[in-house]
Student: 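Submitted below is the structure of interest, expressed as structure tokens.
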2 protein chains.
Amino acid sequence: MVSTMYPNSPLAVPPAGEPIRERLARAAFELFALHGYESTTIDDITTAAGVARRTFFRHFPSKEDVIFPDHDSVLDRVRWYLGASTKTEPIFAVAEATRLIFESFMAAPEQTLARYRLTREVAALRDREVASVARYERVLSDYLRSRLPNTHEAALAAHVAAASFVAAHNQVLREWLRSGGTEDPHPALEAALTTIADLMAPLIAHSSRQSSPSAV
Amino acid sequence: MVSTMYPNSPLAVPPAGEPIRERLARAAFELFALHGYESTTIDDITTAAGVARRTFFRHFPSKEDVIFPDHDSVLDRVRWYLGASTKTEPIFAVAEATRLIFESFMAAPEQTLARYRLTREVAALRDREVASVARYERVLSDYLRSRLPNTHEAALAAHVAAASFVAAHNQVLREWLRSGGTEDPHPALEAALTTIADLMAPLIAHSSRQSSPSAV
DNA sequence: GACTCTACTGGCACTAAGTGCCAGACATCA
DNA sequence: TGATGTCTGGCACTTAGTGCCAGTAGAGTC
């Protein structure tokens with residue numbers, strides 16, 4: 001009755017001004033918190049958002065993706081930063097990249113906390129989160145390997161260093177999440193990054209030296 | 001016609017002597033290799049195995065699980081070993097636990113290699129593998145935390161050490177997989193474990209000392 | 001105003017994973 | 001012979017996710 005007689009017309013344009021993508025995400029978070037992740041269907045979400053079921057999958061590739069931030073754009077930013085930092089000491093570049101990742105979580109603290117509450121309870125979401133973290137680790141180790149000689153020893157150093165930075169990042173983030181987001185995590189992050197950088201510097205330096213002609 | 005006139009009777013007992021679970025896994029691996037993981041349906045697998053569709057889900061909780069080994073039993077073994085090693089130096093116990101995990105992959109090399117070929121191509125399986133690895137890391141870090149004082153610093157050391165051992169494990173396993181399983185990975189594993197143990201020993205030792213009353 | 005182009009949504013039909021439920025088959029033991 | 005436990009087959013059902021087409025709104029063009 002609003003505009004035409006076509007049945008799908010009244011909702012063709014969303015009544016409120018809020019973009020559909022955000023309305024879907026908000027409805028999803030609310031329903032997940034209320035009834036749990038698994039008990040909430042896509043139909044529930046789209047009904048709550050006043051949108052057709054098909055529309056959901058135009059904005060999010062899967063149900064899991066409503067919850068997670070845009071890791072891809074963060075990955076791109078990290079890759080871009082690392083690609084540009086060819087003059088920086090590799091270990092400092094990786095530390096700075098870790099900061100970038102951390103700040104991407106801090107950019108939307110409430111959403112990070114809400115996601116944490118869900119991932120704590122739903123195994124599938126936990127696995128998904130872990131997979132995302134693994135991608136960050138991969139970007140860091142790829143960068144380190146590109147900055148180190150092409151030896152087994154250097155590859156090991158690169159992977160261990162990347163894993164250590166990510167582990168430190170996760171530990172600081174976890175403590176912050178457990179505190180309910182009350183404390184400022186930055187001092188802990190800086191302390192952790194310094195610890196890891198100091199720890200990994202000799203390993204990286206040693207594997208760099210192995211590129212001499214006398215090496216195996 | 002074989003035994004009774006009931007329609008489901010002829011296949012109630014599998015014709016061959018091979019257990020149904022293994023027949024399903026073998027059929028799945030063959031079909032995945034032939035047509036790819038995503039193009040192969042549960043119906044395809046059960047048809048090839050001569051078993052009803054419903055039976056598949058009695059042996060494997062999901063399609064992904066056909067591929068993966070029994071991580072739970074390995075996890076139990078690792079937990080049991082760590083639980084029993086209260087007198088061993090923590091870092092050596094974790095190194096030995098890493099060996100246990102590595103050997104669980106080496107117990108069935110062909111299957112490990114076949115799984116690698118699949119995980120290289122299917123993102124969902126890669127994520128699943130990563131999630132399994134994360135569980136091992138969790139067991140290691142839980143153990144280290146239980147052997148260290150209850151401080152932020154020790155928690156960081158525990159997570160970083162666990163992540164480093166797992167990263168070293170993965171790196172050695174990956175090299176072996178890339179070689180097609182031709183080379184003996186054990187020398188590389190021992191070298192990597194020694195490197196990580198030497199690297200992490202001071203970190204662990206330092207965080208242990210922080211348990212003194214004068215500490216924060 | 002009529003036209004086209006583009007970008008978006010609605011809705012239907014379909015595939016495939018995974019679950020609940022019940023009945024039948026077989027081996028074992030009493 | 002009968003009771004019991006364990007396994008399988010088969011059916012119906014829910015839900016996630018995809019392909020396809022029609023309809024709608026807005027911007028620009030003539």
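Since we're looking at a predicted model, the values are computed, not measured. Letters go in sequence order (proteins before strands), and every chain restarts at 1.
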Student: Figure out the CG/C1' separation between Asp44(A) and dT15(D), and round it to whole Å.
Tutor: 11 Å

Student: Please check if the distance between the ring centroids of Phe105(A) and His169(A) is under 6.0 Å.
Tutor: yes

Student: The side chain of Ile20(B) is closest to which nucleotide in this list: dT9(C), dT8(D), dA17(C)?
Tutor: dT8(D)

Student: More than 12 heavy atoms of other residues, nucleotides or ligands under 6.0 Å from CD of Glu190(B): yes or no?
Tutor: yes

Student: Taking the six-membered ring of Tyr116(B), is the NZ or CZ of Arg120(B) close enough (under 6.0 Å from the centre) and on axis enough (within 45°)?
Tutor: yes

Student: Within the supplied structure, the quantity of interest is the number of heavy atoms (other residues, nucleotides, ligands) at a distance under 6.0 Å from Asp70(A) CG; does it exceed 12?
Tutor: yes

Student: Can you tell me the distance, in whole Å, between the CZ atom of Arg53(A) and the P atom of dT9(C)?
Tutor: 16 Å

Student: Surrounding NE2 of His71(A) (heavy atoms of other residues, nucleotides or ligands, distance under 6.0 Å), is the total greater than 12?
Tutor: yes

Student: Thr41(A) has a side chain; which of dA17(C), dG10(C), dT15(D) sits nearest to it?
Tutor: dT15(D)

Student: Specify the separation, in whole Å, of atom OH of Tyr37(A) and atom P of dT15(D).
Tutor: 14 Å

Student: Where the side chain of Phe57(A) is defined as all heavy atoms beyond and including C-beta, which of dA17(C), dG18(C), dG17(D) is the nearest nucleotide?
Tutor: dG17(D)

Student: Between atom NZ in Lys63(B) and atom P in dG17(D), what is the gap in whole Å?
Tutor: 14 Å

Student: Return the 5'-most residue of the pair Phe60(A), Thr55(B) with respect to DNA chain D, ranking by each residue's nearest nucleotide.
Tutor: Thr55(B)

Student: Please check the phosphate of dC7(D) (OP1 and OP2 only) for any side-chain N or O of His59(B) closer than 4.0 Å.
Tutor: no

Student: In whole Å, I'd like the distance from the CD atom of Glu38(A) to the P atom of dA17(C).
Tutor: 19 Å

Student: Of the nucleotides dC21(D), dT18(D), dG18(C), which has the atom closest to the Arg58(A) side chain?
Tutor: dC21(D)

Student: Among the nucleotides dG10(C), dG17(D), dG20(C), which one has an atom lying closest to any side-chain atom of Val51(A)?
Tutor: dG10(C)

Student: Nearest whole Å is fine: how far is dG10(D) P from Ile42(B) CD1?
Tutor: 17 Å

Student: Record whether the side chain of Arg54(A) comes under 3.5 Å of the base of dG19(D) through a donor-acceptor pair of N or O atoms.
Tutor: yes

Student: Quick one: Phe56(A) CZ to dG17(D) P, roughly how many Å, whole number?
Tutor: 8 Å

Student: Within the 4.0 Å heavy-atom criterion, would you say Ser39(A) contacts the bases, only the backbone, or no part of the nucleic acid?
Tutor: nothing

Student: Write down the distance between CG (Asp43(B)) and P (dG10(D)), rounded to a whole number of angstrom.
Tutor: 12 Å

